[in-house]
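Each ligand, and each atom within it, is numbered from 1 in the order the structure gives.
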Amino acid sequence: MKLVMTSGRTIRQGEQLYYKDHPEYTAQTSLCYINPLDLLGIGVDDGQKVKISSEAGETIFKAVSCADILQGMVFIPVGPHANYILHSKTHGTGAPDYKWVNVDVVPAGEDEEILTAWEILEHEGGCRFDIGDPVCVTKSPCGDCVIDDVVCPLCGCLCDDIRVTIKDNQITGVDNGCSLSNGKFTARGRLKEPIMRDGSGWKNISYDEAIDYTANMLLDADRPLIFGFSGTYGEAQCMGISIAEMAGAVIDNCSSICHGPSIMAIQEVGHPGCTLGQIKNRADVIVYWGSNPIESHPRHMSRYSTYADGFFLNNAFRERKLIVVDIRETDIAKNADEFIQIKPGGDYAVFSALRAIVRGKRDVIPPMVAGVKREQLFRVADMLLKAKFGVFFTGIGLTESPGKYKNVRNGVELVDELSRHTKFTLTPMRGHWNVYGTNQTFAYLGGYPYAIDYSRGTAFYNPGETSAVDLLRRKEADACIIIGSDPGAHFPRECVRRLSEIPCVVIDPFVALSTAVANVHIPVAACGIDAEGTGYRLDALPLWVKKVLEPTMPNDLEVLTRIYNIIKEAKGL
Ligand SMILES: Nc1nc2c(c(=O)[nH]1)N[C@H]1C(S)=C(S)[C@@H](COP(=O)(O)OP(=O)(O)OC[C@H]3O[C@@H](n4cnc5c(=O)[nH]c(N)nc54)[C@H](O)[C@@H]3O)O[C@H]1N2
Ligand SMILES: Nc1nc2c(c(=O)[nH]1)N[C@H]1C(S)=C(S)[C@@H](COP(=O)(O)OP(=O)(O)OC[C@H]3O[C@@H](n4cnc5c(=O)[nH]c(N)nc54)[C@H](O)[C@@H]3O)O[C@H]1N2
Ligand code: SF4
Ligand SMILES: [Mo]
């Protein structure tokens, strides 16, 4: 059966982000959610295996019957399985079609098995690394103790009220955090020393050797790419820019595959933003559009929006109206005052319709707009207009679906329209704890927020051309440093294959799927655990992300500084 594949976050997939080599990660990322009527048409029952194929490839999934999914769609949790059937075109935006791929779904054969995450990487030319029994790589500063007001280095909420319990030199308990936070703080898959690919296996090497290898790799390459940075702190990001400038490299960060299109929109029409504190204390109408915070930013609603107390609201919980716009009836949609179930890719049209209504042009609206009834649009527009202070939280349902940055642009223009009547703002629901930091530091030092090409000796920026996915798809990048990101799990398969073909260094505290495509993996202290630095919350508020344990290995800034110094000396600068 021909369906449209879309992918997104689930809480169970997120809990496994630091356990990608474990069977449970594979179990979560190889699920596919399909409407029961479509399952009937395909001829399989809930729990049975299906084969999904696309222009990029085919692989096996386990079907889950789910009435929240529109007929005609299949929803796959983010991960290597979805990306194994994803093409790598970005339509000039840098962001792949994560939310929109034509696929064919058929029952799987008796003998067709679900591949594990490692097996997928091996199919792309990678080599798995078996970490064996986990070793403790950290030391406690305070014996067995409890540390308060810890900042969570996982999602853009950057919650700063976490309490961690330390026992035997490791974190054993996490209070106040959500289950994603708990998964990261208590993860044990840390690499102890650098490793280098050695034929069909791996050998240990020293930090000196690993750092020399990386510097020389950059010096030898014609078109080196340095990618990632959302998982590390601002000070290390700044050093990354300095390396890229000196090596004439392209440097890009995760926003190019994430909220980069939101930035492109903001570059066109500006950003009517504010801090989360303003929203918490003032907002009485809250819209989550193409964003699913219950699974992606689990404490966002309780800390900053719907369920938080507000200084200027008498009874915030009752006074705040919640509007959700999604293609699926997510759990947050079930609790909304208005749920607009939009046809996939219909956002641009619905924004335009709401703009027209707010402008007083109700008569031009047709009975249905992208699957949404006109009466509902009138109702929602009235709710927006009655707001004293409204906010749009926009997710990657907008940036990775058809229309991409134009969707967000139209959203900003709706805010502009509404602000002629009342106060409205728009905040992209940035994903990683420090992805906004990448945009801040890159723009501060390089003049552009991501996808900066230094090959001409000066900064050049053109998403779709100088963005990581595009560079890899065109087989242009001929060496790559990956730091604070895991493209092995999260890039379209063609890009992963390219990474396995070229010299590649991963700088990461944890074993990741990208380890499989690396020639060298350099372990570092993890920010928020045994390293510290500046992180930017999803509203651009900078916070000091403190460490709670003492490291036994260098951190990102130290490793990058050493790479920088070798390149500087080699260039006689
Ligand atoms: N559990 C978990 N949490 C995470 C992460 C993770 O991997 N796992 N990753 C982090 C990262 S990097 C990010 S960027 C954030 C992302 O956080 P979100 O923006 O919430 O990400 P998604 O779940 O991918 O997509 C959001 C919603 O968009 C909807 N959608 C899909 N297509 C369309 C469309 O055409 N129109 C509309 N209106 N909606 C559509 C999907 O159904 C989904 O519910 O999450 C962060 N938090
Ligand atoms: N199919 C599909 N694929 C998608 C998406 C989708 O919706 N659908 N969404 C896309 C999006 S929005 C994004 S942002 C990407 C996910 O983006 P990724 O960046 O791939 O996400 P993570 O797997 O969380 O990778 C973070 C990495 O940083 C490492 N890390 C943690 N702390 C530190 C530190 O202190 N220093 C260093 N050096 N590293 C550290 C972690 O170990 C981990 O390997 O996925 C993209 N892929
Ligand atoms: S909501 Fe995000 S920042 Fe807050 S505890 Fe959960 S993962 Fe951490
Ligand atoms: Mo993201």
Can you sort out which atoms of ligand 2 are near [X], meaning under 4.0 Å from one of its heavy atoms?
X	value
Lys99	7 (O)
Cys258	12 (S), 14 (S)
Phe510	42 (O)
Ala526	35 (O)
Cys527	34 (C), 35 (O)
Ile507	37 (C), 38 (N)
Asp556	34 (C), 35 (O), 36 (N), 37 (C), 38 (N)
Cys254	19 (O)

[atom]: which protein heavy atom is closest, and how many Å away?
atom	value
atom 1 (N) of ligand 2	Asn83 OD1, 2.8 Å
atom 8 (Fe) of ligand 3	Cys152 SG, 2.3 Å
atom 4 (C) of ligand 2	Tyr98 CE2, 3.3 Å
atom 14 (S) of ligand 2	His432 CE1, 3.5 Å
atom 1 (S) of ligand 3	Arg299 N, 3.3 Å
atom 7 (S) of ligand 3	Cys178 SG, 3.4 Å
atom 4 (Fe) of ligand 3	Cys159 SG, 2.3 Å
atom 11 (C) of ligand 2	Arg9 NH2, 3.4 Å

Exercise for review: Identify, by atom number and element, the atoms of ligand 3 in contact range of Leu154, meaning under 4.0 Å from any of its heavy atoms.
Suggested key: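 Within the 4.0 Å cut-off of Leu154, ligand 3 contributes 7 (S).
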Select one of side chain, backbone, both or neither to describe which atoms of [X] lie under 4.0 Å from any atom of ligand 2, heavy atoms only.
X	answer
Tyr18	side chain
Ile396	side chain
Ala82	side chain
Ala236	neither
Lys184	side chain
Ile257	both
His259	neither

Exercise for review: Only one of Cys480, Cys504, Ser500, Cys127 passes side chain to side chain contact (heavy atoms under 4.5 Å, CB included) with Asn519; say which it is.
Suggested key: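 Per the side chain to side chain contact (heavy atoms under 4.5 Å, CB included) rule, the option paired with Asn519 is Cys504, out of Cys480, Cys504, Ser500, Cys127.
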Practice item. Could you pull out, from Asp530, Asp508, Asp486, Ile483, the option with a heavy atom nearest to atom 44 (O) of ligand 2? Key: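 It is Asp508 that holds the nearest heavy atom.
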Point to revise | From CD (Glu124) to SG (Cys495), nearest 0.5 Å | key: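 Going from CD on Glu124 over to SG on Cys495, the span is 10.0 Å.
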Practice item. Could you pull out the closest heavy-atom pair between Asp508 and Ala512, with the gap in Å? Key: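 Minimum heavy-atom contact is OD2-CB, 4.3 Å.
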Check your understanding: Where do Ile452 and Val250 land on the side-chain contact (heavy atoms from CB on, under 4.5 Å) test, with the steps shown first?
Key -> CA-CA 6 Å; Ile452 309 181; Val250 176; over 6 Å; no
Point to revise | Arg9/Glu295 ion pair, N-O < 4.0 Å | key: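 Salt bridge between Arg9 and Glu295, a charged N being under 4.0 Å from a carboxylate O: no.
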Exercise for review: Please determine if Asp68 and Arg328 form a salt bridge, counting it only when a charged side-chain N lies under 4.0 Å from a carboxylate O.
Suggested key: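 Judged by the 4.0 Å cut-off on N to carboxylate O distance, Asp68 and Arg328 do not form a salt bridge.
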Review point. Hey, mind stepping through Thr6 and Tyr98 against side-chain hydrogen bond (donor to acceptor under 3.5 Å, both in side chains) and telling me if it holds?
Key: CA-CA 6 Å; Thr6 181; Tyr98 289 126; over 6 Å; no
Practice item. Consider ligand 2: state whether an atom of it lies below 4.0 angstrom from any non-hydrogen atom of Ser230. Key: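 Heavy atoms of Ser230 never come under 4.0 Å of ligand 2.
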Review point. Pro509 near ligand 2, heavy-atom distance under 4.0 Å?
Key: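 Within the 4.0 Å threshold, so yes.
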Practice item. Say whether His87 and Asp97, considering side chains only, have a donor N or O and an acceptor N or O under 3.5 Å apart. Key: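 Result is yes, a qualifying pair exists.
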Check your understanding: For Tyr233 and Asn555, does a side-chain donor sit closer than 3.5 Å to a side-chain acceptor?
Key ->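 Looking only at side-chain atoms, Asn555 and Tyr233 do form a donor-acceptor pair, the distance falling under 3.5 Å.
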Practice item. Indicate yes or no for a side-chain donor-acceptor contact from Tyr207 to the backbone of Pro194 under 3.5 Å, with no hydrogens or angles considered. Key: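 A pair under 3.5 Å: no.
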Exercise for review: Please check if the side chain of Glu235 supplies one atom and the backbone of Thr534 the other of a donor-acceptor pair under 3.5 Å.
Suggested key: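 Checking the backbone N and O of Thr534 against the side chain of Glu235, a donor-acceptor pair under 3.5 Å is found.
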Check your understanding: Is Arg537 positioned over the aromatic face of Tyr436, cation under 6.0 angstrom from the ring centre and no more than 45 degrees off axis?
Key ->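 Judged by the rule (NZ or CZ under 6.0 Å from the ring centre, within 45° of its axis), Arg537 is not positioned above Tyr436.
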Check your understanding: Is the distance from atom 2 (Fe) of ligand 3 to the nearest N/O/S atom of Cys155 under 2.8 Å?
Key ->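 Short answer: yes, at least one N, O or S atom is under the cut-off.
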**Study point:** Aromatic contact, Phe227 with Phe491 (centres under 6.0 Å)
**Key:**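 Phe227 vs Phe491: aromatic centres under 6.0 Å.
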Practice item. Of the side chain and backbone of Leu158, name the one, both, or neither that has a heavy atom under 4.0 Å from an atom of ligand 3. Key: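 Backbone only.
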